[in-house]
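What follows is a set of notes on a single structure, which appears directly below.
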Amino acid sequence: MKTYKIAAIPGDGIGGEVISAGVEVLQALAKREGHFAVAVDTFDWGGEYYKTHGRMMPANGRDLIRHHDAILFGSAGHPDIPDHVTLWGLRLAICQPFDQYANVRPTRILPGITSPLRGVEGNELDWVIVRENSEGEYAGVGGRVHQGLPIEAATDVSMFTRAGVERIMRFAFRLAQSRPRKLLTVVTKSNAQRHAMVMWDEIATTVAAEFPDVTWDKMLVDAMTVRMVMKPQTLDTIVATNLHADILSDLAAALAGSLGIAPTANLNPERTFPSMFEPIHGSAFDITGKGIANPIGTFWSSVMLLDHLGEAAAARRLMAAIERVTGDARFHTPDLGGHARTTDVTAAVIDAINGANS
Ligand code: IPM
Ligand code: MG
């Protein structure tokens, strides 16, 4: 029997609660499917680790997870530690060296969930946002000089490479091609950002020629926010830079009903390194330890993890279980206006996996 080695990194805040729920569900699913097993190694990296060791993960941290089949990540962020330290010390310290350059964020209004958009039904909002995940505004290029003096200066330079833009465009066109509508929107800001974003547009046009069956258009990021709200039906696959997609994906998650539901895959498509799967939400210290975190974002991320491992049938079974459970308001956590607890949702999803609550 095939055993998948999963590295679980719960991280901070509600990360621990949702990742243990996710592991429980993966184990239940493996048992139900019968032909694979899941072996989980859990790593206690994050804010508390930082307080003891002065770093978010050990110096050889990546070596410890380098040969796992996939990584399941909770969230990083700690009230006592600056956000840029937690981000660069853990999440980006994994994503960037593991070259997980394609960040994929599907958005749908799941059964039983109400979109804040008036009159928009489930099937009218079905998007996948592809976020460039290795460079751009998150390249980390820049610096500060004359710190604390009146002449202090600081730069954050966004860095776009032809190779980096080509590969994310190709990934996005290929994904668009695999979806029924074969529709791609390339988000840009080449009116104001007249160097890198102009190159971004040029590369989109070149790569588009390789995909004659994909219909594509270009949208300035500011106008894109309007289109997402006013004409959600006109969008399908979306590709954007690291920062633009960061912002648009929060909007997308909110329009689909809750940040607690949205999943993410950080993919290394060449499979040279493990890919990493995580709910889009943060560490949410305001509700940490209360047992009310919504685990659906982690479950949906686990669907993406299973798909990546080639376990398509298991992925479909889990997604169907998730949709059955969101369709029942008794299992809505407070972020969805309900009273359910993390453990209620988890138990319901496991029952659905086992066909018990149909
Ligand atoms: C995301 C998050 C992160 C990001 C934060 C936690 C730094 O917002 O995954 O979208 O900006 O990349
Ligand atoms: Mg974000």
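Small disclaimer: the values here were computed from a predicted structure and weren't measured. Whatever order the structure lists them in is the order used to number ligands and atoms, beginning at 1.
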Notebook entry, point to check: With ring centroids as reference points, do His308 and Phe277 lie under 6.0 angstrom apart?
Noted result: yes
Next item on the list: Hey, can you tell me if Trp45 and Phe43 have their rings parallel, tilted or perpendicular (30° and 60° cut-offs)?
Entry: tilted
Item checked: Gln147, CD atom: more than 12 neighbouring heavy atoms under 6.0 Å -> yes
Check: Just by modelled atom types, is the Leu235 backbone N or O under 3.5 Å from a matching donor or acceptor in the Arg181 side chain?
Finding: yes
Margin query: So, at under 2.8 Å, which protein N, O or S atoms would a careful student list around the Mg ion (ligand 2)?
Written below: Asp246 OD1
Next item on the list: Run through ligand 1 for me and note each protein residue having a heavy atom under 4.0 Å from it, chain first, then residue number.
Entry: Leu87, Arg91, Arg105, Arg131, Tyr138, Asp246
Next item on the list: Would you sort out whether Arg167 and Glu270 count as a salt bridge (charged side-chain N to carboxylate O under 4.0 Å, His left out), showing the intermediate values?
Entry: CA-CA 11 Å; Arg167 67 184 183 175; Glu270 290 73 26; 5.5 Å; no
Item checked: Side-chain (Asp328) to main-chain (Val325) donor-acceptor, under 3.5 angstrom -> no
Next item on the list: Can you label the angle between the Phe98 ring and the Phe273 ring as parallel, tilted or perpendicular, going by 30° and 60°?
Entry: parallel
Checklist line | Check: His78 ring centroid to Phe285 ring centroid under 6.0 Å | finding: yes
Check: With the 4.5 Å side-chain cut-off for hydrophobic clustering, are Ile168 and Trp127 part of the same group?
Finding: yes
